[in-house]
Number of protein chains: 2
Amino acid sequence: MSDGRRPGSDDRKRRSPAPPGTHAAVAVAVDVVPFALREGRLHAALIGVRATEESRLFAFPGGRVQPEESLDVAARRCLERHVPSEGRFLEQLYAFGEPGRDPGSRVVSVAYLALLPRADDADGVHWYPCDDLPPLAYDHGAVADKALERLQGKLAYTNIAFGLLEDGFTLADLQRVYEAVLGRGLDRRNFRKKVLALELVQPLGRVRHGPHRPAELFGFTERALVTVETLLTKKG
Amino acid sequence: MSDGRRPGSDDRKRRSPAPPGTHAAVAVAVDVVPFALREGRLHAALIGVRATEESRLFAFPGGRVQPEESLDVAARRCLERHVPSEGRFLEQLYAFGEPGRDPGSRVVSVAYLALLPRADDADGVHWYPCDDLPPLAYDHGAVADKALERLQGKLAYTNIAFGLLEDGFTLADLQRVYEAVLGRGLDRRNFRKKVLALELVQPLGRVRHGPHRPAELFGFTERALVTVETLLTKKG
DNA sequence: ACAAAAGTGTTCAAAGTACACCCATGA
DNA sequence: TCATGGGTGTACTTTGAACACTTTTGT
């Protein structure tokens with residue numbers, strides 16, 4: 001995640017207009033950063049938004065918060081409208097509210113982090129590797145940075161990885177998830193030792209076959225966010 | 001921090017009304033949780049709000065976000081309107097947006113954590129010990145919980161304590177801050193060792209006198225938030 | 001038989017934890 | 001001289017980090 005700037009000129013109205021009969025001084029929206037793994041790399045889902053000029057911009061799925069829905073519900077709605085795969089994890093990230101972040105109208109946006117077990121294709125959804133995102137609209141560069149930072153942080157002391165992986169993975173699969181998100185390699189033996197000692201995962205009693213020794217398959221012990229002692233320091 | 005519930009009935013309009021001519025579906029406010037130490041205990045600043053019934057409720061300082069101000073600026077404005085002592089630290093906590101959290105109108109409130117070096121008295125401000133808060137309006141019980149949790153967490157791996165202490169403190173003073181916030185005792189020798197090894201503080205070359213051996217005075221090396229290795233695990 | 005990934009233990013270094021005594025001063 | 005809090009060091013335990021070889025299978 002690099003591009004943290006908001007692009008200069010982008011003057012069309014943002015997503016759904018304000019409800020008729022209102023001229024809200026400050027509107028509330030949610031934006032969801034959906035992460036998933038594809039080909040062993042961490043990707044984020046983006047929606048194309050057409051800038052007035054030639055430039056093509058992308059933004060995370062989002063929209064106005066409806067009068068009767070909570071922020072969490074709004075985030076889930078916006079996620080599911082665009083991204084089919086069921087979200088395993090959804091957590092509030094940060095509220096972005098600089099005047100001018102959304103040119104032309106004042107919008108405070110509450111950003112969410114979503115984790116999906118797969119990066120399924122769908123109409124209008126574009127999956128990009130997190131380390132090579134296209135130009136982003138609004139302040140979504142900063143949103144992306146915050147999301148990755150949060151995910152990396154929680155990887156070290158929670159079981160958050162369950163959001164990115166279906167049960168029936170090998171320990172090597174799990175390690176690859178960690179390595180993809182953190183962007184660095186981990187020692188296989190130490191990683192296995194810690195993950196097993198913390199009882200983060202449990203063996204399913206099945207194996208996966210391939211042109212090599214079969215690998216034992218595991219599932220997460222708990223599929224809600226759990227804080228553990230310390231899973232990672234510098235190597236894991 | 002205990003009371004996490006929002007009280008049942010509280011039907012007057014909240015703080016400043018919506019700007020004239022608007023019926024905003026969702027309004028945006030900020031709420032600031034100001035923490036400071038008083039007599040060695042962590043206190044929070046609250047404003048009395050008069051419930052329609054007999055019950056007296058309290059709420060954290062807050063207010064609507066103005067069209068041209070950022071969330072951070074709105075938070076600082078609301079803090080300074082009520083609490084005189086200059087805030088050393090102000091950080092966004094979480095956005096609370098359940099429908100019904102503010103009876104009668106839909107308000108999404110972005111909560112902030114503020115740290116002050118002193119708990120100065122001022123008109124309308126009431127300082128309460130964090131472990132003995134009065135009944136709180138809205139969902140401010142949950143806000144208080146989140147604020148304390150954040151402060152306790154960051155104490156363990158940042159220099160956030162600078163927000164609660166003026167330069168010219170003894171290491172014993174600093175340790176008392178940690179103990180007050182965490183609610184548990186720390187080993188003096190190990191605490192000194194870590195704080196000094198991390199160069200969190202630096203000696204000022206002055207001492208404080210009392211009916212005992214003089215104590216060396218210290219100041220924070222850095223007065224912006226800095227992340228350090230690991231300051232606390234179980235004892236510090 | 002070979003390639004490819006799975007699985008496993010030990011050693012060393014660093015950090016955390018527990019703990020007790022002397023010091024300097026003001027009253 | 002005594003009461004009060006300030007200041008210091010060491011031994012032990014736990015945790016982290018580095019590291020290489022054997023196993024099992026499919027082709």
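Note that the structure is a prediction, hence the values are computed from the model and not measured. Each chain gets a letter, A, B and so on, in the order its sequence line appears, and its residues count up from 1.
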Parallel, tilted or perpendicular: which one describes the rings of Phe220(B) and Phe169(B), with boundaries at 30° and 60°? tilted
When you compare the side chain of Leu116(B) with that of Phe35(B), does any pair of heavy atoms fall below 4.5 Å? no
On the nucleotide dG16(C), are OP1 or OP2 found under 4.0 Å from the side-chain N or O atoms that Thr230(B) carries? yes
Lys194(B) NZ - dT8(D) P separation (whole Å): 17 Å
Using atom CG of Leu196(A) as one end and atom P of dG9(C) as the other, report the distance to the nearest whole Å. 12 Å
Return the value, rounded to whole Å, for the distance between atom CG of Leu174(A) and atom P of dA6(C). 12 Å
Do Tyr112(A) and Asp31(A) come within less than 4.5 Å of each other through their side chains, counting heavy atoms only? no
d(CG, Leu186(A); P, dC19(D)) in whole Å: 15 Å
Mind checking what makes side-chain contact (heavy atoms from CB on, under 4.5 Å) contact with Glu166(A), not counting sequence neighbours? Arg88(A), Pro117(A), Arg118(A)
Write down the distance between CZ (Arg184(B)) and C1' (dA18(C)), rounded to a whole number of angstrom. 15 Å
Would you mind reading off the distance between Leu217(B) atom CG and dG7(D) atom C1', rounded to a whole angstrom? 14 Å
Counting just side-chain N and O atoms, does Thr170(A) come under 4.0 Å of either OP1 or OP2 of dA5(C)? no
Between Lys154(A) and Thr227(A), is there a side-chain heavy-atom distance shorter than 4.5 Å? no
Using atom CZ of Phe218(A) as one end and atom C1' of dG7(C) as the other, report the distance to the nearest whole Å. 10 Å
Salt bridge or not between Asp121(B) and Arg38(B)? Use side-chain N to carboxylate O under 4.0 Å. yes
Counting only side-chain heavy atoms from C-beta out, which of dG6(D), dG16(C), dA17(D) sits nearest to Ala215(B)? dG6(D)
Quick tally for nucleotides 19-27 of chain C: nucleotides whose base has a protein heavy atom under 4.0 Å get B, sugar-phosphate-only ones S, the rest -, giving BB--BBBS-
Shortest non-hydrogen separation from His82(B) to Ala122(B) and the atoms involved: O-CB, 3.8 Å
Value in whole Å for how far the C1' atom of dT17(C) lies from CG of Leu232(B): 13 Å
